[in-house]
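So the structure is just underneath, and the comments pick up after that.
Just so we're clear, the structure is a prediction, and the values are computed from it rather than from any experiment. Convention: sequence-line order gives letters A, B, ...; per-chain numbering from 1.
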Amino acid sequence: MPELPEVETVRRGLAPTLVGAHILRVDLRRKDLRFPFPKDFAARLLGRQIIALRRRAKYLIAEMSDGSALIAHLGMSGSFRLEGRADENGVFNYPRSKNPAHDHVVIHLDRGILVYNDPRRFGFLDLATTDDPAPPPFLAKLGVEPLSNEFGAETLAMLVAGRKTSIKAALLDQSLIAGLGNIYVCEALHRAGIAPNRPASEFAGRTGAPTKETTRLAGSIRDVLEEAILAGGSSLRDHRQADGSLGYFQHHFRVYDRGGEPCPRAGCKGIIGKMTQNGRTTFFCPKCQK
DNA sequence: CTGTGTTCCTGTTCGC
DNA sequence: TGCGAACAGGAACACA
């Protein structure tokens with residue numbers, strides 16, 4: 001589920017409750033997720049107040065009153081949920097449901113309970129502290145934020161220059177552009193009418209000036225992310241009312257997971273195809289993506 | 001340094 | 001209907 005738009009949607013959903021909340025208790029229900037929890041993880045969060053909830057690429061960052069920060073990556077199947085109803089004594093209880101499978105971390109706040117659930121455990125939580133000025137290496141390696149002002153056709157052209165790999169693999173590389181995943185790369189390439197297996201370096205432009213294609217691609221990336229965030233925001237209410245397993249944006253996909261269906265581009269008679277690139281499935285229209 | 005294949009894990013879907 | 005195989009939104013890691 002979680003690429004940049006999903007993480008941003010989660011951030012917006014959590015922020016009103018988390019920002020300003022104090023951490024009263026942290027329960028780790030296993031010793032690791034993808035990685036072991038950092039030393040004294042729970043103890044170091046205790047008593048802190050969350051003063052901001054930010055997003056960097058697919059990471060959520062909860063900034064604490066003491067300058068430390070809780071960093072979360074949802075991997076493939078991670079999610080946060082809030083259990084916010086107090087009992088008659090004003091105490092928040094966990095668990096409220098009988099069988100909370102894969103609830104690995106339970107953070108008790110003064111205004112609710114934040115639960116991290118992750119069946120596949122590809123996600124992880126980390127803590128950046130004030131004693132250690134160097135940001136965690138996985139944040140330091142991240143490339144440009146695709147919705148920032150830094151990102152545009154010129155930046156994209158520069159980033160792919162000299163790359164021997166496909167444009168699809170380049171767009172998935174988090175050290176170049178940070179936040180795109182398999183779905184939105186497929187979607188952006190379709191919108192831009194670009195074949196996923198073309199060499200990335202073709203989008204560098206010959207004279208340093210971005211080509212029309214590169215400009216179109218940069219625009220498509222921005223558009224699809226922004227639209228997905230809007231749709232995610234509007235369907236978050238549904239997500240809360242239902243019991244959690246509904247995706248946010250899948251009805252808006254034009255190619256992803258639509259192999260065999262007609263291409264939705266106006267006037268295009270193509271049929272959406274499927275191929276594998278670098279071990280990931282690519283969906284594309286062989287007719288209008290050149 | 002760059003590019004690619006493997007690996008971690010469980011749940012869901014697919015094909016026989 | 002049942003059951004094993006294939007596959008899934010990610011990315012660190014090992015290696016060519």
Side-chain angles (χ1 to χ4, degrees), chain A residues 1-11 29-37 55-60 71-80 99-105 116-126 136-143 146 158-190 196-201 204 221 224-225 228-229 231-232 235 239 243-260 274-283:
Chain A
M1 173 166 42
E3 299 182 30
L4 186 155
E6 288 72 35
V7 177
E8 178 61 21
T9 299
V10 169
R11 188 192 70 76
R29 305 178 83 224
R30 49 177 301 127
K31 65 180 190 323
D32 59 13
L33 291 171
R34 180 174 187 178
F35 307 117
F37 291 108
R55 177 190 60 73
R56 171 76 170 103
K58 302 172 191 173
Y59 293 84
L60 279 173
I71 302 167
H73 193 293
L74 304 177
M76 293 276 251
S77 59
S79 63
F80 282 105
N99 186 23
H102 309 300
D103 282 357
H104 304 309
V105 182
Y116 181 72
N117 182 286
D118 190 352
R120 291 178 73 180
R121 302 203 303 274
F122 287 171
F124 62 93
L125 302 184
D126 196 12
F138 47 80
L139 288 185
K141 279 185 275 190
L142 291 173
M158 180 196 70
L159 289 171
V160 298
R163 296 273 151 187
K164 296 290 181 226
T165 192
S166 65
I167 186 64
K168 195 226 177 184
L171 295 181
L172 274 177
D173 186 336
Q174 302 297 298
S175 71
L176 303 178
I177 301 168
L180 295 174
N182 203 34
I183 292 175
Y184 295 106
V185 167
C186 291
E187 293 295 315
L189 286 168
H190 177 262
N197 54 0
R198 286 185 43 200
S201 56
I221 289 168
V224 73
L225 294 176
I229 290 171
S235 61
H239 183 68
D243 66 338
S245 56
L246 288 171
Y248 300 136
F249 189 65
Q250 71 269 47
H251 299 300
H252 299 266
F253 296 163
R254 297 183 189 175
V255 291
Y256 185 82
D257 209 20
R258 293 194 182 279
K274 217 176 136 168
M275 65 177 164
T276 300
Q277 292 179 280
N278 304 83
R280 313 290 302 277
T281 304
T282 302
F283 294 90

Whole angstrom is fine here: how far is it from [atom1] in [X] over to [atom2] in [N]?
{"X": "A:Gln174", "N": "C:dC13", "atom1": "CD", "atom2": "C1'", "value": "16 Å"}
{"X": "A:Asn197", "N": "B:dG3", "atom1": "CG", "atom2": "C1'", "value": "16 Å"}
{"X": "A:Asp257", "N": "B:dT12", "atom1": "CG", "atom2": "C1'", "value": "12 Å"}
{"X": "A:Ile183", "N": "C:dC7", "atom1": "CD1", "atom2": "C1'", "value": "14 Å"}
{"X": "A:Asn278", "N": "C:dA12", "atom1": "CG", "atom2": "C1'", "value": "15 Å"}
{"X": "A:Arg258", "N": "C:dG9", "atom1": "CZ", "atom2": "P", "value": "15 Å"}
{"X": "A:Glu6", "N": "C:dG10", "atom1": "CD", "atom2": "C1'", "value": "13 Å"}
{"X": "A:His104", "N": "B:dC8", "atom1": "NE2", "atom2": "C1'", "value": "13 Å"}

Handout entry: Residue closer to the 5' end of DNA chain C, A:His73 versus A:Lys274 (nearest nucleotide)
Key =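 Counting from the 5' end, the first nearest nucleotide belongs to A:Lys274.
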Completion exercise
Note on DNA chain C: ranges paired as stems (three or more Watson-Crick/G-U pairs in a row, both atom distances under 3.5 Å) are B:2-8 with C:10-16, B:10-16 with C:2-8
Practice task
Quick one: pull up CG in A:Leu4 and CD1 in A:Ile221 and give me the separation to the nearest 0.5 Å.
Solution key: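 The CG atom of A:Leu4 sits 11.5 Å away from the CD1 atom of A:Ile221.
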Problem - Pairwise distance OG1(A:Thr165) to CD(A:Gln277) - rounded to 0.5 angstrom - result: 8.0 Å
Please name the pair of heavy atoms, one in [X] and one in [Y], separated by the smallest distance, quoted to 0.1 Å.
{"X": "A:Phe124", "Y": "A:Arg34", "answer": "CB-CB, 4.3 Å"}
{"X": "A:Asn278", "Y": "A:Ala169", "answer": "OD1-CB, 3.6 Å"}
{"X": "A:Asp118", "Y": "A:Tyr116", "answer": "OD2-OH, 2.7 Å"}
{"X": "A:Glu3", "Y": "A:Gly181", "answer": "OE1-N, 2.8 Å"}

[options]: which one has an atom nearest the side-chain heavy atoms of [X]?
{"X": "A:Pro119", "options": "C:dA12, C:dG10, B:dG11", "result": "B:dG11"}
{"X": "A:Arg280", "options": "B:dG3, C:dG9, C:dA12", "result": "C:dG9"}
{"X": "A:Arg163", "options": "B:dT10, C:dG10, B:dG3", "result": "B:dG3"}
{"X": "A:Arg121", "options": "C:dA8, B:dC9, C:dG10", "result": "B:dC9"}

If the cut-off is 4.0 Å, is [X] near the phosphate of [N], judged by side-chain N/O to OP1 or OP2?
{"X": "A:Ser77", "N": "B:dC9", "result": "no"}
{"X": "A:Tyr256", "N": "C:dG9", "result": "yes"}
{"X": "A:Lys58", "N": "C:dG9", "result": "no"}
{"X": "A:His102", "N": "B:dG11", "result": "yes"}
{"X": "A:Thr281", "N": "C:dC7", "result": "no"}

Practice task
Evaluate the ring planes of A:Tyr256 and A:Phe283, with Trp represented by its six-membered ring, and classify them as parallel (under 30°), tilted (30 to 60°) or perpendicular (over 60°).
Solution key: perpendicular
Exercise for the section: Return yes if the base of B:dC9 and the side-chain atoms of A:Arg120 contain a donor-acceptor N/O pair under 3.5 Å, otherwise no. Expected result: yes
Give me the distance, rounded to whole Å, that separates [N] from [M] when you measure between the [atom1] atoms they each carry.
{"N": "C:dA6", "M": "B:dT6", "atom1": "P", "answer": "14 Å"}
{"N": "C:dG9", "M": "B:dC14", "atom1": "P", "answer": "14 Å"}
{"N": "B:dC9", "M": "C:dC3", "atom1": "P", "answer": "25 Å"}

Problem - Sugar-phosphate only, base, or nothing, as touched by A:Tyr59 at under 4.0 Å among non-hydrogen atoms - result: sugar-phosphate
Practice task
Give one of base, sugar-phosphate or nothing for A:Gly279, where a contact means two heavy atoms less than 4.0 Å apart.
Solution key: nothing
Handout entry: Validation row: A:Lys168, A:Asn182 side chains within 4.5 angstrom (heavy atoms)
Key =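 Side chain of A:Lys168 against side chain of A:Asn182, heavy atoms only: contact under 4.5 Å found.
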Practice task
Measure the shortest side-chain to side-chain distance between A:Leu142 and A:Gln174 over non-hydrogen atoms and say whether it is less than 4.5 angstrom.
Solution key: yes
Exercise for the section: Could you say whether the aromatic ring of A:Phe122 and the base of C:dG10 stack, counting only centre distances under 5.5 Å and plane angles under 30°? Expected result: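 Check passed, A:Phe122 stacks on base of C:dG10.
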